[in-house]
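The structure under discussion appears below in the form of structure tokens.
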Amino acid sequence: MTSDGILFINGSPRRGRSTSASIIGHMRNLIGDSLRTDVVFATGCDLSDRDLVDSMIGSRIIILVSPLYVDALPSEVLELMRTFEENDLRGISFMAVFNCGFPESSHNSTAISICRNYSAANGMRWLGGLAIGGGGAIDGRPLSANGPERHVVRSLQMVCDSLVEDAPIPEEAFSLASRQFFPVWLYMIVANHQWKTRAKGLGVKKSLKYRPYQ
Ligand SMILES: Cc1cc2nc3c(=O)[nH]c(=O)nc-3n(C[C@H](O)[C@H](O)[C@H](O)COP(=O)(O)O)c2cc1C
């Protein structure tokens, strides 16, 4: 890793099958050979691996791409970030891209604030946070400029152009990423159906209706 490179952190325990992986894959394609890019998975990485920490410190930019877990960051991501901040992070640029299950992107705002505070506390250069709602509508498939997520695709194009040119990311990129891209009513029908199908597969469909504390 050269000091011009980007290190992507995939925060999803679903690793290569995740929406986070779809976003990272798309960004890497857009960046192409303009900058060197590497990916580390927060889940399953060896935190005592010195090469991992060295590649992070040697990066010009770190981009965390993660699912939202309980309005915050998955625990493996927190562990990784705690390990990283034992080192000198000053001067490294940091950006966060969160995707959440609910259709409204606003659920990601606390997690983005956590990352902004982390950046400030460690003397990093904060590039901003993208908040994407309705991640289940992507569910690990490749992003498409013609799909419902086309605003996300346009946003990522702006972000990657800015990163390559070392220019500030335009405000429009953040608002485009946050735009709701799937009708809530349709999303809820699909989500409820998937939830019940998974419960049935695990033999717990009936117990979904239990109300033990009533
Ligand atoms: C343990 C857990 C907690 C979650 N918490 C939230 C949440 O607080 N808000 C939300 O909108 N989605 C939540 N989700 C849904 C994920 O953010 C969503 O499915 C996301 O698209 C997964 O992205 P990935 O494929 O990159 O892992 C949660 C999912 C799991 C498994």
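Note that ligands are numbered from 1 as they come in the structure, with each ligand's atoms numbered from 1 the same way. Computed over heavy atoms, backbone and side chain alike; hydrogens, waters and symmetry mates excluded.
Counting only heavy atoms of the protein, atom 26 (O) of ligand 1 lies nearest to Ser20 OG, 2.6 Å. Looking from atom 14 (N) of ligand 1 to the surrounding protein, the closest heavy atom is Leu68 O, 3.3 Å. Considering only non-hydrogen protein atoms, atom 29 (C) of ligand 1 sits nearest to Tyr69 CE1, 3.6 Å. Gly101 N, 3.5 Å is the protein heavy atom nearest to atom 18 (C) of ligand 1. Of the protein's non-hydrogen atoms, the one nearest atom 22 (C) of ligand 1 is Pro67 CB, 3.6 Å. Nearest protein heavy-atom neighbour of atom 8 (O) of ligand 1: Asp71 N, 2.9 Å. Atom 5 (N) of ligand 1 has as its closest protein heavy atom Val70 N, 2.8 Å. The protein heavy-atom contact nearest to atom 27 (O) of ligand 1 is Ser12 OG, 2.5 Å.
In this structure, the side chains of Phe8 and Thr37 come closer than 4.5 Å at one or more pairs of heavy atoms. The shortest distance between side-chain heavy atoms of Ser66 and Phe98 falls below 4.5 Å.
Residue Asn99 has at least one nitrogen or oxygen atom sitting less than 3.5 Å from a nitrogen or oxygen atom of ligand 1, judged on distance alone.
Near Gly135, meaning under 4.0 Å from one of its heavy atoms, ligand 1 places the atoms 21 (O). Here is the list of ligand 1 atoms found below 4.0 Å of a heavy atom in Thr19: 24 (P), 25 (O), 26 (O). Close approach of ligand 1 to Arg14 is summarised as follows: ligand atoms under 4.0 Å from at least one heavy atom of the residue are 24 (P), 25 (O), 27 (O).
To the nearest 0.5 angstrom, Asp161 atom CG is 7.5 Å from Leu30 atom CG. Note that the CD1 atom of Ile61 and the OG atom of Ser93 stand 5.5 Å from one another [nearest 0.5 Å]. A distance of 6.0 Å separates CE of Met95 from CD1 of Ile63, quoted to the nearest 0.5 Å.
Aromatic ring centroids of His107 and Phe102 lie under 6.0 Å apart.
The side chain to side chain donor-acceptor pair (under 3.5 Å) test with Asp139 singles out one residue from Arg14, Gln194, Arg17, and that residue is Arg14.
Judged by distance alone, the side chains of Asp46 and Ser48 do bring a donor and an acceptor atom under 3.5 Å apart.
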